[in-house]
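Index from 1, following the sequence.
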Amino acid sequence: MKVIKDPLIAAIGGFICILLLSYLNNFENNYIWLIPSFGASMVLVMSVHKSDLAQPKNIFFGHVISGLSGFFVLSFIGSNIFCIGLGVGLAIFLMMVTKTVHPPAGGNPIIVILGEQSLSFIYITLALGSLIIIIFAIIYNKLVGKDYPYKIKKDFN
């Protein structure tokens, strides 16, 4: 029964949160609230919520840092195939250095550069959208009895 129950609970959670972001996307036409990398973030918080990659710090800072990487490259170098690779590489570097790796966020520099997004995209879509995902994941996972955010127990022996 657990073979079906856990995936179903995760799928329902992903459905509800993406539905909420879709609603905001349709309701508030001035901002984009729904991006592909958020779907991938939902996979992590719903199915492997104990992973370091799915923790709130990684989700928030991973999305923001990677978006800023793309914005930096777009602003100072431009938009071409070299810049797209540079934006993703810079995002990987910065997420690793800050210990905020969140793989779905690796797509954000591509979105920022190809879409020539402004700084408001970083603060509205990526920052607030990430916070919505985090708050939803905390509430939903608590309601279904999962420990999230997950506190990793360090063994000092």
Side-chain angles (χ1 to χ4, degrees), residues 7 10-141 146 148-152 154:
I12 291 169
F15 165 75
I16 294 169
C17 190
I18 294 300
L19 179 66
L20 172 63
L21 289 171
S22 297
Y23 174 76
L24 290 173
N25 201 63
N26 287 328
F27 179 71
E28 179 60 59
N29 293 324
N30 296 331
Y31 298 106
I32 300 167
W33 285 94
L34 191 62
I35 56 173
S37 54
F38 284 169
S41 293
M42 289 308 302
V43 172
L44 289 175
V45 297
M46 291 293 114
S47 64
V48 290
H49 65 281
K50 291 182 180 180
S51 168
D52 285 347
L53 306 174
Q55 298 311 300
K57 175 186 84 160
N58 295 63
I59 294 169
F60 182 79
F61 289 109
H63 279 295
V64 171
I65 287 169
S66 66
L68 287 170
S69 298
F71 183 76
F72 177 82
V73 170
L74 176 65
S75 298
F76 293 102
I77 302 173
S79 175
N80 59 48
I81 59 173
F82 173 79
C83 293
I84 294 167
L86 182 60
V88 172
L90 180 60
I92 292 168
F93 174 79
L94 292 174
M95 285 190 290
M96 288 181 73
V97 167
T98 59
K99 298 184 183 340
T100 58
V101 174
H102 184 64
N108 293 343
I110 298 169
I111 295 168
V112 170
I113 294 169
L114 287 180
E116 297 184 355
Q117 298 294 335
S118 68
L119 206 50
S120 67
F121 177 83
I122 311 302
Y123 295 113
I124 302 296
T125 302
L126 297 179
L128 289 179
S130 294
L131 286 175
I132 289 169
I133 289 171
I134 292 164
I135 292 166
F136 175 85
I138 290 169
I139 293 168
Y140 185 80
N141 279 316
K146 293 182 181 178
Y148 183 84
Y150 188 70
K151 289 122 186 115
I152 299 169
K154 303 284 183 190

Rounded distance (nearest 0.5 Å) linking atom OG of S41 with atom CZ of F60 = 12.5 Å

Can you name the closest pair of heavy atoms from N108 and S66 and give their distance?
-> ND2-OG, 3.2 Å

How about S130 and H102: does a side-chain donor come under 3.5 Å of a side-chain acceptor?
-> no

Atom of V88, atom of G106 and distance for their closest heavy-atom approach | CG2-O, 3.7 Å

In this structure, CD1 of I59 is separated from CD1 of I132 (nearest 0.5 Å) by 13.0 Å

Expected output: side-chain Q55 to main-chain Y148 donor-acceptor under 3.5 Å | no

Would a 4.5 Å heavy-atom cut-off, applied to side chains only, mark C17 and I133 as touching?
-> yes

Hey, are the side chains of I138 and I134 touching, using non-hydrogen atoms and a 4.5 Å cut-off?
-> yes

Looking only at non-hydrogen atoms, find the nearest pair between M42 and G13 and report the distance.
-> CE-O, 3.9 Å

Which heavy atom in A105 sits nearest to a heavy atom in P109, and how many Å separate them?
-> O-CD, 3.5 Å

For L74 against E116, the heavy-atom pair lying closest together | CD2-CA, 3.6 Å

How would you list, by chain and number, every residue that makes a side-chain contact (heavy atoms from CB on, under 4.5 Å) with I122, sequence neighbours excluded?
-> V64, L68, F71, V112, L119, L126

Under 3.5 Å, is there a donor-acceptor pair between the side chain of T125 and the main chain of I32?
-> yes

Between CG of L131 and NE2 of H63, what distance do you get to the nearest 0.5 Å?
-> 11.0 Å

Using a 4.5 Å cut-off on heavy atoms from C-beta on, say whether the side chain of F61 contacts that of T98.
-> no

Heavy atoms, side chains only, cut-off 4.5 Å: are N58 and L44 in contact?
-> no

Where W33 and L24 come nearest, the two heavy atoms and their spacing | CD1-O, 3.5 Å

Just wondering, more than 12 heavy atoms not from I81 lying within 6.0 Å of its CD1?
-> no

In this structure, SG of C83 is separated from CD1 of I110 (nearest 0.5 Å) by 13.0 Å

To the nearest 0.5 Å, atom OG1 of T100 lies from atom CG of L53 at 10.5 Å

Angle class for the Y140/F136 ring planes (parallel below 30°, perpendicular above 60°, tilted otherwise)?
-> parallel

Test side-chain contact (heavy atoms from CB on, under 4.5 Å) on L94 and F72 and set out the steps.
-> CA-CA 12 Å; L94 292 174; F72 177 82; over 6 Å; no

